[in-house]
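So the structure is just underneath, and the comments pick up after that.
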Amino acid sequence: MTKAELIGFMANEAGITKAAGALALDAYVAAVTKELKKSGKLGLVGFGTFSVVKRKAREGRNPQTGKTIKIPAKKVVKFKAGKALADKVK
């Protein structure tokens with residue numbers, strides 16, 4: 001599903017315009033981003049939990065040349081589905 005398809009689905013389900021759906025989706029993404037930067041964790045009961053984890057530096061391999069490269073440490077966003085979502089996807 002693309003962003004445009006998601007906006008269309010949200011607008012249809014909520015009975016609003018696609019423009020309002022786009023604003024709602026952008027507001028949701030902004031809120032999640034702000035909270036992850038601030039506290040590093042956001043839980044939505046029944047849906048899941050977003051969290052920020054630190055990934056250690058490690059060595060990797062360039063697939064074209066086979067040469068070993070160093071991959072720097074960084075923070076990544078992790079999502080763990082809640083029980084209700086996991087049960088619906090089964």
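The structure displayed is predicted, hence computed values, not measured ones. Index from 1, following the sequence. Side chains included, hydrogens not; waters and symmetry mates left out as well; all remaining heavy atoms used.
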Task: Value rounded to 0.5 Å, distance of CZ in Arg58 from CD1 in Ile69 - done: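 The CZ atom of Arg58 sits 9.0 Å away from the CD1 atom of Ile69.
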- [ ] Starting at OG of Ser51, measure out to CG of Leu42 and round the result to the nearest 0.5 Å.
- [x]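 Rounded to the nearest 0.5 Å, the OG-CG separation comes to 10.0 Å.
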Let me check something: do [X] and [Y] share a hydrophobic cluster, defined by ILVMFWY side-chain heavy atoms less than 4.5 Å apart, either directly or through other members?
{"X": "Leu25", "Y": "Met1", "value": "yes"}
{"X": "Phe79", "Y": "Leu36", "value": "yes"}
{"X": "Val52", "Y": "Phe47", "value": "yes"}
{"X": "Val77", "Y": "Val53", "value": "no"}
{"X": "Ile16", "Y": "Val29", "value": "no"}

Show the nearest heavy-atom pair for residues [X] and [Y], with the distance to one decimal.
{"X": "Thr17", "Y": "Ala11", "result": "O-CB, 3.5 Å"}
{"X": "Lys41", "Y": "Thr49", "result": "CE-CG2, 3.7 Å"}
{"X": "Lys3", "Y": "Asp26", "result": "NZ-OD1, 3.3 Å"}
{"X": "Ala84", "Y": "Gly46", "result": "CB-O, 3.3 Å"}

- [ ] Check whether any side-chain heavy atom of Glu59 sits under 4.5 Å from a side-chain heavy atom of Lys70, and report yes or no.
- [x]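 Yes - at least one pair of side-chain heavy atoms lies under 4.5 Å apart.
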Open item on the list: With a sphere of 6.0 Å drawn around OH of Tyr28, does it hold more than 12 non-hydrogen atoms of other residues, nucleotides or ligands?
Closed with: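 Atom OH in Tyr28 is crowded, with more than 12 foreign heavy atoms closer than 6.0 Å.
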TODO: Test side-chain contact (heavy atoms from CB on, under 4.5 Å) on Lys80 and Leu85 and set out the steps.
DONE: CA-CA 10 Å; Lys80 182 175 184 212; Leu85 177 62; over 6 Å; no
Task: Any donor-acceptor pair under 3.5 Å from Arg55 side chain to Lys74 backbone - done: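 Between the backbone of Lys74 and the side chain of Arg55 there is no qualifying donor-acceptor contact (under 3.5 Å).
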